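Everything numeric in this text was worked out from a predicted model, so none of it was measured.
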Amino acid sequence: MVVSSAGVGASQLLAQRLEERFNNSLKVTRILDLATVMKTNLAEKMVVSTIPIYGLKQPVILVSPLLPPRGYPTNQSCNY
């Protein structure tokens, strides 16, 4: 799942780049905004986000909205 505050188009581009970067071994199941994430019971194993999210059971991977050519997403404490 991808969470972004950058709008639908940018979020879809980020999801596409993530799937391409990981040779389709990463499947983006849905794209949500922060308010929806906080009200939803998440079934996903992890969350990729362009904004910090606290209080989830799933690990949150913090990435740049543009996902630069270098650097792979890691733990929430790292910014890309």
Whether the side chain of Thr40 engages the backbone of Leu42 through a donor-acceptor N/O pair (distance < 3.5 Å, no angle test) should be reported. no

Item checked: Close side-chain approach of Val37 and Val47, heavy atoms under 4.5 Å -> no

Beyond-backbone contact of Pro52 with Leu62, side-chain heavy atoms, under 4.5 angstrom
yes

Scanning both residues in full, the closest heavy-atom pair of Ser11 with Ile31 reads CB-CG2, 3.4 Å

Run the side-chain contact (heavy atoms from CB on, under 4.5 Å) test on Met46 and Val60 for me, step by step, so that the C-alpha distance in whole Å, both residues' side-chain angles and the decisive distance to 0.1 Å come before the verdict.
CA-CA 6 Å; Met46 72 176 189; Val60 176; over 6 Å; no

(message) Does any part of the side chain of Glu44, heavy atoms only, come nearer than 4.5 Å to the side chain of Arg30, both counted from C-beta?
(response) yes

### Query
With a 4.5 Å limit on heavy-atom distance, are the side chains of Met1 and Leu32 in contact?
yes

Notebook entry, point to check: Can you check whether Ser25's main-chain N or O pairs, donor with acceptor, with Asn23's side chain at less than 3.5 Å?
Noted result: no

Given side chains that start at C-beta, do those of Thr50 and Val3 come closer than 4.5 Å, heavy atoms only? no

side-chain hydrogen bond (donor to acceptor under 3.5 Å, both in side chains) between Gln16 and Glu20, worked out: CA-CA 6 Å; Gln16 179 184 350; Glu20 288 173 357; 3.0 Å; yes

Nearest heavy-atom approach of Ile51 to Ser5 is CG2-OG, 3.6 Å

*Are side-chain heavy atoms of Ile53 and Met38 found at a separation under 4.5 Å?*
yes

*asked:* Between Leu13 and Val2, is there shared hydrophobic-cluster membership here, with clusters defined by ILVMFWY side-chain heavy atoms closer than 4.5 Å?
replied: no

When rounded to the nearest 0.5 Å, the distance separating OG of Ser64 from CG of Leu14 is 8.0 Å

Can you confirm whether Val28 sits close enough to Glu19 that some side-chain heavy atom of one is under 4.5 Å from a side-chain heavy atom of the other? yes

Heavy atoms of Lys45 and Pro59 approach each other most closely as O-CD, 3.3 Å

